Amino acid sequence: MAGEELVEISLPDGPRRKVAAGSRAGDVLRAWRPEEAPRYLAALWDGKAVDLSAPLTHDGRLAPLAFGDRAGREILEHSSAHLVAKALVAAIPDAKPTHGPPTEDGFFYDFEVRPLTPADLDVMRASMQLAVAAKEPFRRREISKEDARSLFASNPYKLRYIAEAPDGEPVSVYDTGSFTDLCRGPHVPDTGWLAGIHILGTSAIVPEEGGGVPLQRVRGVGFPSRAELDAYLKLRAEAEARDHRGIGTRQELFYFVDEAPGCPIWLPRGMVLIHELERYVREHLAASGYLEVRTPLLFARSVFETSGHWDHYRENMYVSEVEGREFGWKPMNCPGAMLVFGSRARSYRELPMRLAEFAPLHRFEASGTLSGLTRVREMVQDDAHIFVSEDQVEPEIRVLLEWIRQAFTTFRLDWSYELSTRPAKFLGEVAQWDRAEATLQKLLDESKVDYKVSPGEGAFYGPKIDIHIRDSLGRPWQTGTIQLDYQLPARFHLQYQGSDGQLHTPIVVHRTILGTWERFLGVFIEHCAGRFPPWMAPLQVRVLPVTAAHATGAQGVVDELAAAGLRVELSGTEESLAKRVRSAELDRIPYVAVLGDRELAEGNVSVRIRGTKESRSFSRAEFLAHLTERVRSRAFDP
RNA sequence: GCCGCCGUAGCUCAGUCGGUAGAGCGGCUGAUUUGUAAUCAGCAGGUCGGGAGUUCAAUCCUCUCCGGCGGCUCCA
């Protein structure tokens, strides 16, 4: 071994080291920063993630990866998936592992195996903990494709991956104790790194390709330590406490009955939320040249045949038969808007013609997809259809993008954009689609926002820009949408007379801003944890007289605030003040005003503002001014 | 729709290894008149999601239907 070759390794921030060729990445990193090395779980070698045990055989750049790095986290999640596979195969030997990638916030591993029971998971958890304690190394081996084929002879999924690997090159496998998995790697050094592994659940999935054999997916998260897992589980439990379904019940906003699955029953307090959203949107409509219409909920089948819904959306529609004639419950407002535009001759002077409609829509969503308010069968959109000429498309959409920005900022939501393009089932011509997609893309680029492109996800009549917001558990939901449609106006034979005297077909921009009241509120309730901004709060002020002797004086304050249009109520005095304060706090009421001898003598109110423990003294006039300002400005916090 | 789990009082949940059920909160009544997150006492609420089967007996076991939850797929 004398006279061994040296290779030059460049480390982050510049230092270079000459080390023996074949030195392990982990050893070089440890020599470089011994105190931080225990956090390193893998390495980047010339930009490619490798095991710490990877030999460095040529000159190159080396950098450490820790759990805090995106790539490092993915390696740990992926290694956790391996540990799940090891545990599951140990528990159920004929299980066939398929693949187990990291995801945005964890990992999953899919298996061809009988449905898993909670007892299976208990067995797996115990076996995983044993493996963690044993610190079993992830040992990489490179073997020929032939050897791999015989090793995985009983697993068609692995055989397919082997077949897809380049010929003539070895494939890598990793041994973890007695378990061997085909895998490109890299992995954490040993299972001791997976002390924070946790199975979140299992579900059946139908693989995209393959012969329709359902697979069982085990989902989980991995952390380098138990403490980090506990912190994650605590955050998750807090997120679950914000679940809009629980808040809806506790605050009596809405509920569901078995007899109307997917159709929320809105209670008086929930209706306040809807009315405030409507008011908010209508203010914008009034300021932006919209006209509001109302069109039928039921249309004869022929209308939907014209619109294309009958061919393209029928499986999601409710249909009724009356006097032998088929009617469809509208799943969208577009057909009605088309009829309104076509109800008489139109001039270019009427464009852009912006028709808004807040009508109940019915969509038959598959039973398994329903989910509280976020996925329902009866919904109301803040919908509008804007009829424009070709040169009005871009300015109109620019205004919409700006309105979306403003609206979601008001609600302090994080939103993201998605550009969805031509689906497999589509109307019209490819060239027109391409042009429409290019227009939307250009406008998004121009507004300098990040967006994701989702090929094939467009509506059947046109491409769209969708807005997504996330619920408390991080699940994304589509809300606002801007859809560019060259198809429906033509199908409805809509025309307007241009300044050139010729007849032209208008283009339609379908758009919602908040999406549907239902889904928007579902997500927003979780976002604000039921602590609604004062302008939305079902009850804005509760006035608490200290004793019955103060009730009359308190009523005066209630009357004063109510006269100013505020939602205010007087509490009884049957319960202790402390109890009533607590109740108001639990009801998430933004302002609690206490009136006793002191306040009545001085003409003040003691106000407890939601989110603060101490009360603040206001004169009555100050309190009213404060409230009306917060409400009028639609401030997020009281 | 698919897979798994779940369904007990208005809400949150306990319980019965098969012998028709209990708590807390909420509600009602009474006493207390209260100074910023729970005053005390009493009372009323349930054919244990629906139906069928097994059994002397089913809320509990089996089947089925309905609904919910987590995923898959789909979507505002």
Side-chain angles (χ1 to χ4, degrees), chain A residues 108 110 113-118 120-121 200-208 212 214-219 240 243 245-246 249-252 255-262 313 315-316 331-333 361 363-383 420 457 459 464 466-469 473 475-481 483 510-520 522-523 544-551 572-587 592-599 606-608 612-616:
Chain A
F108 64 79
D110 290 343
V113 65
R114 62 167 169 77
L116 300 171
T117 63
D120 292 328
L121 297 186
L200 287 170
T202 65
S203 57
I205 64 142
V206 182
E208 284 176 26
L215 302 178
Q216 299 297 317
R217 173 166 294 181
V218 180
R219 288 168 302 107
E240 278 165 13
D243 189 313
R245 292 163 296 206
T249 302
R250 282 197 295 279
Q251 295 196 18
E252 296 188 16
Y255 74 108
F256 289 89
V257 294
D258 288 0
E259 291 75 15
Y313 204 76
E315 63 277 15
N316 281 306
M332 302 172 190
N333 289 310
L361 305 176
R363 299 185 185 176
F364 178 75
E365 303 289 355
S367 56
T369 65
L370 301 179
S371 154
L373 290 181
T374 41
R375 190 77 185 276
V376 294
R377 287 177 172 165
E378 185 184 270
M379 71 211 82
V380 178
Q381 296 180 322
D382 61 331
D383 205 4
S420 300
E457 297 296 319
K464 53 182 188 167
D466 290 327
I467 306 302
H468 290 84
I469 53 182
L473 289 179
R475 294 173 295 202
W477 294 98
Q478 185 189 323
T479 56
T481 184
Q483 310 178 347
H510 306 238
R511 110 286 177 282
T512 67
I513 304 299
L514 304 182
T516 64
W517 306 142
E518 289 77 10
R519 178 172 290 177
F520 182 82
V523 175
L544 314 185
V546 174
T547 74
H550 310 111
T573 53
E574 297 78 16
E575 283 161 332
S576 69
L577 183 64
K579 173 74 174 286
R580 287 178 284 149
V581 167
R582 176 183 149 86
S583 300
E585 200 73 49
L586 292 175
D587 290 343
V592 177
V594 174
L595 278 110
D597 288 335
R598 262 199 319 274
E599 290 77 12
S606 273
V607 182
R608 189 176 160 120
T612 62
K613 295 279 180 210
E614 349 35 83
S615 58
R616 221 171 118 182

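From a predicted model like this one, the values you see are computed outputs, not experimental measurements. In what follows, chains carry the letters A, B, and so on, assigned in the order in which the sequence lines appear, proteins first and then strands, with residues in each chain numbered from 1.
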For [X], which residues count as a salt bridge (Lys or Arg N to Asp or Glu O under 4.0 Å) partner, sequence neighbours excluded?
| X | value |
| --- | --- |
| A:R114 | A:D120 |
| A:R363 | none |
| A:E365 | A:R375 |
| A:R616 | none |

Interatomic distance at [atom1], [N] relative to [M], whole Å:
| N | M | atom1 | result |
| --- | --- | --- | --- |
| B:rC72 | B:rU36 | C1' | 50 Å |
| B:rG10 | B:rG26 | C1' | 7 Å |
| B:rU62 | B:rC43 | P | 38 Å |
| B:rU20 | B:rU47 | C1' | 9 Å |
| B:rG1 | B:rU16 | P | 34 Å |
| B:rA76 | B:rU8 | C1' | 36 Å |
| B:rG4 | B:rC56 | C1' | 36 Å |
| B:rA37 | B:rC75 | C1' | 42 Å |

* To do: Please check if the side chain of A:T249 supplies one atom and the backbone of A:R245 the other of a donor-acceptor pair under 3.5 Å.
  =>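 At least one qualifying donor-acceptor pair exists.
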
* Along nucleotides 59-67 of chain B, 5' to 3', which nucleotides get a B, which get an S, and which get a -, given that the test is a protein heavy-atom distance under 4.0 Å? -> --------S

* To do: Summarise protein proximity over nucleotides 30-40 of chain B in one line of letters, 5' to 3': B for base, S for sugar-phosphate only, - for none, counting protein heavy atoms closer than 4.0 Å.
  => ---BBBBBBB-

Contacts of type side-chain hydrogen bond (donor to acceptor under 3.5 Å, both in side chains), residue [X], not counting sequence neighbours:
| X | result |
| --- | --- |
| A:Q478 | A:D466 |
| A:E252 | none |
| A:E599 | A:S606 |
| A:R511 | A:Y290 |

Across the strands shown, which category fits [X] at heavy-atom distances under 4.0 angstrom: base, sugar-phosphate, nothing?
| X | value |
| --- | --- |
| A:R475 | sugar-phosphate |
| A:G246 | nothing |
| A:R250 | nothing |
| A:G368 | base |
| A:T481 | nothing |

* Just wondering, do A:P261 and A:L370 contact through their side chains at under 4.5 Å, heavy atoms? ->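 Side-chain contact under 4.5 Å: yes.
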
* State which residues pass ring-ring contact (aromatic ring centres under 6.0 Å, His included) with A:F256; sequence neighbours excluded, sorted by chain then number. =>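 Per chain and number, A:F256 pairs via ring-ring contact (aromatic ring centres under 6.0 Å, His included) with no residue.
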
* Asked: Among A:T481, A:T479, A:T512, A:L514, whose side-chain contact (heavy atoms from CB on, under 4.5 Å) with A:Q381 holds?
  ->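 The option that passes is A:T512.
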
* **Conformer about C1'-N of B:rG15 - syn within 90° of 0, anti elsewhere** =>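 The base of B:rG15 is oriented anti (glycosidic angle more than 90° from 0).
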
* Rounded to the Å, how far apart are A:Y255 OH and B:rU12 C1'? ->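 Value for this atom pair: 19 Å.
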
* In whole angstrom, give the distance that lies between atom CG of A:N316 and atom P of B:rC75. =>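 Interatomic distance, CG of A:N316 to P of B:rC75: 8 Å.
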
* Asked: OP1 or OP2 of B:rG70 sitting under 4.0 Å from any side-chain N/O of A:R375?
  ->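 So the side chain of A:R375 is outside the cut-off, no N or O lying under 4.0 Å from OP1 or OP2 of B:rG70.
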
* Stem segments of RNA chain B by first residue number [Watson-Crick or G-U, under 3.5 Å, at least 3] ->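 The stems are B:1-7 with B:66-72, B:10-13 with B:22-25, B:27-31 with B:39-43, B:49-53 with B:61-65.
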
* To do: Answer yes or no: side-chain N or O of A:R217 and base N or O of B:rC3 forming a donor-acceptor pair under 3.5 Å.
  =>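 No pair found.
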
* **Side chain A:R519 and base B:rC75 donor-acceptor under 3.5 Å** =>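 It does, because a donor-acceptor pair links the side chain of A:R519 to the base of B:rC75 below 3.5 Å.
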
